[in-house]
2 protein chains.
Amino acid sequence: MKRQKSAAARVKTRDGGEMVPESLALGELDHRLGYFLRRLQIWVFQDFIQTLGPMKVRPAQYSVLVVIEANPGRSQAAIGQMLDIERARLARLLHELERRQWVTRRGARSDGRSHALNLTASGETALAKIKRLAEQHEFHLAAYVGVKRHRQLMDLLRDFG
Amino acid sequence: MKRQKSAAARVKTRDGGEMVPESLALGELDHRLGYFLRRLQIWVFQDFIQTLGPMKVRPAQYSVLVVIEANPGRSQAAIGQMLDIERARLARLLHELERRQWVTRRGARSDGRSHALNLTASGETALAKIKRLAEQHEFHLAAYVGVKRHRQLMDLLRDFG
DNA sequence: TATTGTTATACTCTATAACTATA
DNA sequence: TATAGTTATAGAGTATAACAATA
């Protein structure tokens, strides 16, 4: 797992050793929130993918499964709008979840165009495991940034919008 | 520009109109910092790319230009380690910056393997414009999340690591 | 005409591996 | 033998466009 660099951060060498790289000036990156946001976000994805490794689930798949469980029977359009996943991409993502027999798509009664999304029984079982691993990931993240900062960030980001 | 959804957020329809989507339950995403981090990060990239559109510069290119300017003559390995850009990807990214005649790579005296990176005169000129646009983007971001929250997030994320 | 969902294409980013040249 | 850099490949994510079926 890569860690955010600080003056004393270490970097892995290719034979498994470690070294302390000379620290370089950030320039105006030091005033770009996006830079720091991006660095943490990359760490989060890497840890998430690693922690969820046993279930082979990526962040986007996880978010779709959670939202289907919380809103069974909704259409692809509804789920996609909520998660800002483009419908072409969501179609492919659901095809994979259907292949793994975690999700069903059946034609909606009310509108012949839309597909109602639901979890299968094995999808529910898988998601239970997945949610336990996601919880583990959240603990990793809290430990990485500090429990207090974790709570502060959550409050700042969740309340806005 | 896509905006973070809230209960009253609007979504564009394909003919340019707008609608208010029914709000769906987040499920446990409401307790995942990564989810909120990711949403803001996507907004940041979209606004950055749009704001920097006149110069056709993407976030990774911007960060490399800024760090080369702040640390002239350093090697690709040094820049890549600092920004966590994989060396294969950095090689291609620099090839593009070299093609635009913004960056030079010349063999380092001390080590025949490494390339010293520098901005050209026109690279400096371009970067001056780019930095003005990046500053604009930062104002957009501060307006989007609120000036106070922007400062709080910056403090929380910059000080850690 | 517009929307839902599908398929296809293209470009960026990420992750590897194989290769060269230097050390 | 390890490192600096290059090239190539594959997978995910993003952004479009074109299409069929339905509204």
Side-chain angles (χ1 to χ4, degrees), chain A residues 1-2 11-19 21 38 41-43 45-46 48-50 52-53 56-64 74-81 83-98 103 105-117, chain B residues 1-2 11-19 21 38-39 41-43 45-46 48-50 52-53 56-64 74-81 83-96 98 103 105-117:
Chain A
M1 179 60 47
K2 283 175 191 168
V11 174
K12 289 245 158 79
T13 51
R14 292 169 88 191
D15 63 342
E18 285 189 339
M19 60 169 298
R38 175 70 172 154
Q41 201 265 307
I42 289 170
W43 189 96
F45 265 29
Q46 286 178 337
F48 188 95
I49 292 165
Q50 191 171 305
L52 280 276
K56 287 243 171 54
V57 171
R58 319 241 337 152
Q61 297 174 316
Y62 163 74
S63 68
V64 167
R74 305 303 295 262
S75 68
Q76 295 183 198
I79 302 291
Q81 276 170 19
L83 291 171
D84 269 349
I85 297 176
E86 206 280 321
R87 65 207 170 109
R89 168 151 166 62
L90 186 57
R92 287 193 303 272
L93 193 156
L94 286 170
H95 188 76
E96 170 65 15
L97 296 180
E98 217 173 6
V103 164
R105 291 191 265 200
R106 53 177 174 64
R109 261 163 291 287
S110 55
D111 186 335
R113 295 170 300 182
S114 68
H115 297 179
L117 301 175
Chain B
M1 177 60 48
K2 283 175 191 168
V11 175
K12 289 245 159 79
T13 51
R14 292 170 89 192
D15 63 344
E18 286 189 337
M19 60 167 298
R38 174 70 173 156
R39 290 199 74 116
Q41 202 264 308
I42 288 170
W43 190 97
F45 264 30
Q46 286 178 338
F48 188 95
I49 292 165
Q50 191 172 306
L52 279 275
K56 288 243 171 58
V57 169
R58 319 233 345 144
Q61 297 174 315
Y62 163 74
S63 68
V64 167
R74 305 303 296 262
S75 69
Q76 295 183 198
I79 303 291
Q81 275 171 19
L83 291 171
D84 270 350
I85 298 176
E86 207 279 321
R87 66 207 171 109
R89 167 153 166 61
L90 186 57
R92 288 193 303 270
L93 193 156
L94 287 169
H95 188 75
E96 170 64 14
E98 215 173 8
V103 163
R105 291 192 266 199
R106 55 176 173 63
R109 261 164 288 287
S110 54
D111 187 334
R113 294 169 301 181
S114 69
H115 296 179
L117 301 175

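Below, read A as the first sequence line, B as the second, and so on, with proteins coming before strands; counting in each chain starts at 1. Please read these numbers as outputs of a predicted model, since none were measured by experiment.
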Requested in this report: In whole angstrom, give the distance that lies between atom NE2 of A:His95 and atom C1' of C:dT7.
Outcome: 11 Å
**Report entry** Nucleotide of C:dC13, C:dT6, D:dT16 approaching A:Arg38 most closely (side-chain heavy atoms)
**Finding:** C:dC13
Report summary line: Atom CZ of A:Phe45 and atom P of D:dG13 are separated, to the nearest Å, by 8 Å
Report summary line: Heavy-atom nearest nucleotide on DNA chain C taken for B:Ala88 and for B:Gly112; more 5' hit belongs to B:Ala88
Query raised in the report: Below 4.5 Å, heavy atoms only, C-beta onward: do A:Leu117 and A:Ser75 meet side chain to side chain?
Result: no
Report task. Identify which one of B:Arg87, B:Arg105, B:Gln81 satisfies the side-chain hydrogen bond (donor to acceptor under 3.5 Å, both in side chains) criterion when paired with B:Gln76. Result -> B:Arg105
Requested in this report: Using a cut-off of strictly less than 4.0 Å, decide whether A:Gln46 has a side-chain nitrogen or oxygen near OP1 or OP2 of C:dA15.
Outcome: yes
Query - Nucleotide C:dC13, atom C1' - distance to CG of B:Leu83 in whole Å - result: 15 Å
**Report entry** Between C1' of C:dT12 and CD of B:Glu86, the distance in whole Å
**Finding:** 15 Å
Query raised in the report: With a 3.5 Å cut-off and just heavy-atom distances, do the side chain of A:Arg89 and the base of D:dG13 make a donor-acceptor pair?
Result: no
Report task. Ignoring backbone atoms, test whether B:Gln76 places a side-chain nitrogen or oxygen under 4.0 Å from the OP1 or OP2 oxygen of D:dT6. Result -> yes
Report task. To the nearest Å, give me how far apart CZ (A:Arg87) and P (D:dT14) are. Result -> 16 Å
**Report entry** Euclidean distance, atom CD of residue A:Glu96 to atom C1' of D:dG13 [Å, nearest integer]
**Finding:** 15 Å
Requested in this report: Measure from the side-chain heavy atoms of A:Arg105 and tell me the nearest of C:dT6, D:dT6, C:dT4.
Outcome: C:dT6
Report summary line: Considering only heavy side-chain atoms of A:Arg113, the closest of D:dG5, D:dA23, C:dA23 is D:dA23
Report summary line: Out of C:dC13, C:dA23, D:dA12, minimum distance to the side chain of A:Arg58 belongs to D:dA12
Report summary line: Here the distance between atom P of D:dA23 and atom NE2 of A:His115, to the nearest Å, is 11 Å
Query raised in the report: What are the two closest heavy atoms between A:Asp84 and B:Arg39, and how far apart are they?
Result: OD2-NH2, 3.4 Å
Query raised in the report: Under the 3.5 angstrom rule, does the side chain of A:Gln61 hit a backbone N or O of A:Arg58 as a donor-acceptor pair?
Result: yes
Query raised in the report: At under 4.0 Å between heavy atoms, what does A:Arg92 touch on the DNA or RNA strands: base, sugar-phosphate, or nothing?
Result: base
Requested in this report: Kindly compute the distance separating CG (A:Leu97) from CZ (A:Arg92), expressed to the nearest 0.5 Å.
Outcome: 13.0 Å
Report task. Check the distance between C:dA21's C1' and B:Asp111's CG and give it to me in whole angstrom. Result -> 11 Å
